[in-house]
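Predicted, not measured: the structure shown is a model, and the values here were computed from it. In listed order, ligands and their atoms are each counted from 1.
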Amino acid sequence: MMHDTPKHKGLRNQLVKTVESKGIRDKNVLGAISNIPRHLFMDSGFIDFAYQDKAFPIAADQTISQPFTVAFQTELLQINPKDKVLEIGTGSGYQTAVLIDLKAEVYSIERQKELYEKTKKFLPKVGYVAKKLKHGDGYKGWSEYAPFDKIIVTAGAPFVPKPLLSQLKIGGRLVIPVGEDVQIMTLFIRKDKSEFEKHEFGEFRFVPMLKESAK
Ligand code: SAH
């Protein structure tokens, strides 16, 4: 049942217009939203809602992020082809697919085993191949493959994990929503070994980034 139709494509073009009207300008990011069949990333009961600009429940009490939020975070990352990108919170794999569509090499970590297993099987089926996926704790980053050009966190972080800052290349960008109930979208640009530039971009709401790996 892995199929895409002209109807879905049409709905996607509407979604692109919506996201654009909310301020997303990057043509490649808009192109990714137009290319990726988001309905296939959602549990079947929600397929009719796949092209609304909303977050929706997926397995393990998690959510697939709102398309605008995905676009906003991706635009802040300024992805170049071949960028080595670390993603924390694979979830449905939708954000992963956006990064792959932009020709990034994606390393992604998911804390929920069930989601990790499901998305690991699913992504290649729809033609999106990540460099590496793992079940683990994103607070630690992934030192084995560091440093990264870009790092994106797709869950609400109560604080900025130090390993993520230290695993960033000089000139690299970390995009992370920081806060408990409400999060401030925050961009860190690494200027030097110990110097980071910090920019804040308003309020968002994410499911919380949790400690340690779940079963
Ligand atoms: N990018 C995903 C967003 C899923 S919601 C999508 O669009 O589908 C956030 C995800 O982060 C959830 O899947 C959650 O299980 C995961 N997560 C929460 N805490 C984490 C941690 N410490 N390490 C890795 N993943 C985590």
Problem set entry | Asp137 to Leu210 - nearest heavy-atom pair and separation |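 Nearest heavy atoms, Asp137 then Leu210: OD1-O, 4.1 Å.
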Exercise. Which atoms of ligand 1 sit under 4.0 Å from any heavy atom of Tyr139?
Worked result: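 The atoms of ligand 1 under 4.0 Å from a heavy atom of Tyr139 are 22 (N).
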Seminar exercise, completed: Numbered in order shown, the ligand 1 atoms found under 4.0 Å of a heavy atom of Leu115 are 13 (O)
For this session: Determine the interplanar angle of the Tyr139 and Phe159 rings, folded into 0 to 90°, and report it as parallel if under 30°, tilted if 30 to 60°, perpendicular if over 60°.
Result: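 Rings of Tyr139 and Phe159: tilted, 30 to 60°.
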Exercise. Would one find an N or O of Ile64, backbone or side chain, under 3.5 Å from an N or O of ligand 1?
Worked result: no
For this session: Below 4.0 angstrom from a heavy atom of Ile88, which ligand 1 atoms are there? Numbered from 1 as shown, please.
Result: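 Here the atoms of ligand 1 in question are 23 (N), 24 (C).
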Exercise. Between the side chain of Gln95 and the main-chain N/O of Ile152, is any donor-acceptor distance below 3.5 Å?
Worked result: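 Not at all, since once roles are kept as given, no pair shorter than 3.5 Å links the two residues.
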Exercise. Any idea which atoms of ligand 1 are less than 4.0 Å away from a heavy-atom of Gln62?
Worked result: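 Numbered from 1, ligand 1 contributes 12 (C), 13 (O), 14 (C), 15 (O).
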Exercise. Where on Thr154 is there a heavy atom closer than 4.0 Å to ligand 1, on the side chain, on the backbone, on both, or on neither?
Worked result: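 Both backbone and side chain.
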For this session: Assess Lys84 against Phe148: is NZ or CZ under 6.0 Å from the centre of the six-membered ring, and within 45 degrees of the ring's axis?
Result: yes
Problem set entry | Contact atoms of ligand 1, heavy-atom distance to Pro208 under 4.0 Å |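 Going through ligand 1 atom by atom, the ones under 4.0 Å from Pro208 are 18 (C).
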Problem set entry | Aromatic Tyr145 / basic Lys132 pairing, under 6.0 angstrom, 45° off normal | no
Problem set entry | Identity of the nearest option to atom 16 (C) of ligand 1, non-hydrogen atoms only, from Met42, Gln73, Arg111, Glu110 | Glu110
Problem set entry | Atom of Gln183, atom of Arg205 and distance for their closest heavy-atom approach |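 For Gln183 and Arg205, the tightest heavy-atom pair comes out as OE1-CA, 3.3 Å.
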Exercise. So is Arg38 actually on top of Tyr94's ring, under 6.0 Å and inside 45° of the axis?
Worked result: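 Geometry flag: set, cation within 6.0 Å and 45°.
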For this session: Please work out which of Ser92, Gly141, Gly91 has its closest non-hydrogen atom nearest to atom 8 (O) of ligand 1.
Result: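 The residue whose heavy atom sits nearest atom 8 (O) of ligand 1 is Ser92.
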For this session: Tell me, please: is Gly136 in heavy-atom contact with ligand 1, that is, under 4.0 Å?
Result: yes
Exercise. Looking only at distance, does Gly89 have an N or O less than 3.5 Å from an N or O of ligand 1?
Worked result: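 Yes, there is a polar N/O contact under 3.5 Å.
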Exercise. Is the count of non-hydrogen atoms from other residues, nucleotides or ligands lying under 6.0 Å from Lys103 atom NZ greater than 12?
Worked result: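 Open.
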Exercise. Do any nitrogen or oxygen atoms of Asp137 lie less than 3.5 angstrom from nitrogen or oxygen atoms of ligand 1?
Worked result: yes
Seminar exercise, completed: ligand 1 atoms nearer than 4.0 angstrom to some heavy atom of Gln112 are 15 (O)
For this session: Check the pair Phe122, Tyr128 against ring pair (Phe, Tyr, Trp, His ring centres under 6.0 Å), reporting the backbone distance first and the verdict last.
Result: CA-CA 9 Å; Phe122 168 75; Tyr128 294 97; 8.9 Å; no
Exercise. Do you know which two heavy atoms are closest between Thr154 and Gly89, and how far apart they sit?
Worked result: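 Taking every non-hydrogen atom into account, OG1-O, 2.8 Å.
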Problem set entry | Glu87 neighbourhood, listing ligand 1 atoms whose heavy-atom distance to it stays under 4.0 Å | 1 (N)
Problem set entry | Test item, Thr90 contacting ligand 1 (heavy atom, 4.0 angstrom) |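 Checking ligand 1 against Thr90, which is what was asked, there is a heavy-atom contact under 4.0 Å.
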For this session: List every atom of ligand 1 that sits less than 4.0 Å from any heavy atom of Ser65, numbering the atoms from 1 in the order shown and giving each element.
Result: 3 (C), 6 (C), 7 (O)
